[in-house]
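If you're wondering where the values come from, they're calculated on a predicted model, not measured in any experiment.
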Protein chains: 2
Amino acid sequence: MVGEPAKKPSRIQIRNRRRIMDAALEVFSQHGYRGATLDQIADEAGMSKPNLIYYFDGKAAIHVALLNALMEEWLAPLAEMDEGGDPLNEILTYVRRKMDMSRRYPRESKLFANEIIQGAPRMGPHLETRLKPLFDEKCALIRGWIEEGRLAPTDPQQLIFSIWAITQHYADFEAQVRVLIPNEGAGWDAAHAHVETLFRKLLTSPETPS
Amino acid sequence: MVGEPAKKPSRIQIRNRRRIMDAALEVFSQHGYRGATLDQIADEAGMSKPNLIYYFDGKAAIHVALLNALMEEWLAPLAEMDEGGDPLNEILTYVRRKMDMSRRYPRESKLFANEIIQGAPRMGPHLETRLKPLFDEKCALIRGWIEEGRLAPTDPQQLIFSIWAITQHYADFEAQVRVLIPNEGAGWDAAHAHVETLFRKLLTSPETPS
DNA sequence: ATTGTTTTTTACCATTTGGTAAAGGCACGA
DNA sequence: TCGTGCCTTTACCAAATGGTAAAAAACAAT
């Protein structure tokens, strides 16, 4: 029942695989899947095109490997939302971490955005198996908090969508934000403050005002 | 100083230009600029590839024509935000209209999203000349309302970003939403209600709670 | 019908792109 | 030092792609 021997990868393999992934992230996030070329990725990685193919089974394989590898760390902050903590604080902490990720890893955000906008043709299954369970779990957690009266009533699913939408907006629509707010730093401080206030009000204000 | 005579386009020209734009919207919004091919667009439009080129000066020209034409109607709801109306109502009306547009014209939303994510290479100038002035104008309007004490204090720029982010999310990330909320209709009613509550609370709650 | 103009098709072309074959280089243990 | 197996390069290729040339067809005006 054992599959292949699966020899452990050499130092060179590890180094080059990582270089390829880095390069692919750069290129795929900027141009989308079909817009990216193996030549670009090879250039960026400082190696030849056939050498890419030696390490990965083609363009699609690189893309899938990237998406799958990044999915884990991208979801980590949500996974860490803890039953034990203070509800408001847990959620706001999540919001803050997502904002930080948008600022520090815009390429990852754009990579996912590209993939999803185009219908998630290569990530669909992974969404089902990895994202959906986590999403459902955290929705249940939030719903529990609300039922205990520790948060203002809100639809947990929609809440999480809002958080994703707003935080990722700053990474994905960077180009637009920069046009509209030409200050250097693109007003990150203002963005942080605004987003935090927005969700704080949503989650604490007891009633929907008229 | 007159340019070309600019004869008025024939009926056939109008019809075919429109057919091409429709087809291009479909294809570009699904695959992004580089992912779209003239053959696909020609197929979708029911005509031959050289015939496309007869009507438009190449792939880039089609794309730019699409973006520029759509920019107007896409911005219309924001333009209609009126100084004379009730502040909260004006903004919530804008939010509702943006939600409707996301539901009814997801292709347009995705077209813009693709373009912006990839750095707005073909729409940059248009952002400066058409979007920025309108954005600045409406930010000033909102700032005025806040100074008159008719809205809770908020950064108008960030407010508009949030509105865009959330409303467009439902169109752009449709694939993800459908995986996470498999109900038919993708929970549009819940989405509408949630978004309205979110911004209502932001704009009316007088103080930032602790 | 005839002529001039607009529209469409057919047949190409050069470049780009993902991918392959096969030989050459290189490190490293015996 | 000599293989042996891992890594890299060179030289290709077939398909796809944006675009062109020019003839044919459709149409409009006389």
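- Residue contacts for Thr37(B): at a heavy-atom cut-off of 4.0 Å it reaches the sugar-phosphate backbone alone, with no base atom in range.
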Criterion ring pair (Phe, Tyr, Trp, His ring centres under 6.0 Å) on Trp188(A) and Tyr170(A), from CA distance to verdict: CA-CA 9 Å; Trp188(A) 273 106; Tyr170(A) 290 97; 5.7 Å; yes
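- Backbone-only engagement by Tyr55(A) is indicated by non-hydrogen atom pairs under 4.0 Å involving sugar-phosphate atoms exclusively.
- Contact annotation for Ala36(B): backbone-only contact, meaning every heavy-atom pair under 4.0 Å involves sugar-phosphate atoms and none involves a base.
- In this structure, NE2 of His31(B) is placed 12 Å from P of dG18(D), rounded to the nearest angstrom.
- Here dG18(D) presents its C1' atom at 13 Å from CG of Asp57(B), a figure rounded to the nearest Å.
- Remark: Asn89(A) CG is packed, more than 12 non-hydrogen atoms of other residues, nucleotides or ligands lying under 6.0 Å away.
- Computed from coordinates, the Lys49(B) NZ to dT17(D) P distance equals 8 Å when rounded to whole Å.
- One atom, CD of Gln40(B), and another, C1' of dG18(D), lie 13 Å apart when rounded to the nearest Å.
- Here dC6(D) presents its P atom at 7 Å from OH of Tyr54(A), a figure rounded to the nearest Å.
- For the 3.5 Å distance criterion, the side chains of Glu90(A) and Thr93(A) fail to qualify, holding no donor opposite an acceptor.
- Within 6.0 Å of CG on Asp57(B) lie no more than 12 heavy atoms contributed by other residues, nucleotides or ligands.
- In this entry the distance linking CG of Asn51(B) with C1' of dA26(D) reads 12 Å, nearest Å.
- For Lys110(B) and Tyr105(B), the positive end is not near the middle of the six-membered ring at less than 6.0 Å and at most 45° from its axis.
- Summary of the strand contacts: Arg34(B) and Asn16(B) both lie near DNA chain C, and taking for each the nucleotide with the nearest heavy atom, the more 5' one is attributed to Asn16(B).
- Contact annotation: Ser48(B) side-chain N/O to dT9(C) OP1/OP2 distance is under 4.0 Å.
- Comparing dT9(C), dG19(D), dT9(D) against the side chain of Pro50(A) picks out dT9(D) as the nearest.
- As rounded to whole Å, 16 Å separates atom C1' of dT9(C) from atom CG of Leu38(B).
- The residue among Ile53(A) and Gly35(A) whose nearest nucleotide of DNA chain C lies closer to the 5′ end is Gly35(A).
- Remark: P of dT9(D) and CG of Leu52(A) are 11 Å apart, rounded to the nearest angstrom.
- Close to dT6(C), at under 4.0 Å from its OP1 or OP2, lies no side-chain N or O of Gln13(B).
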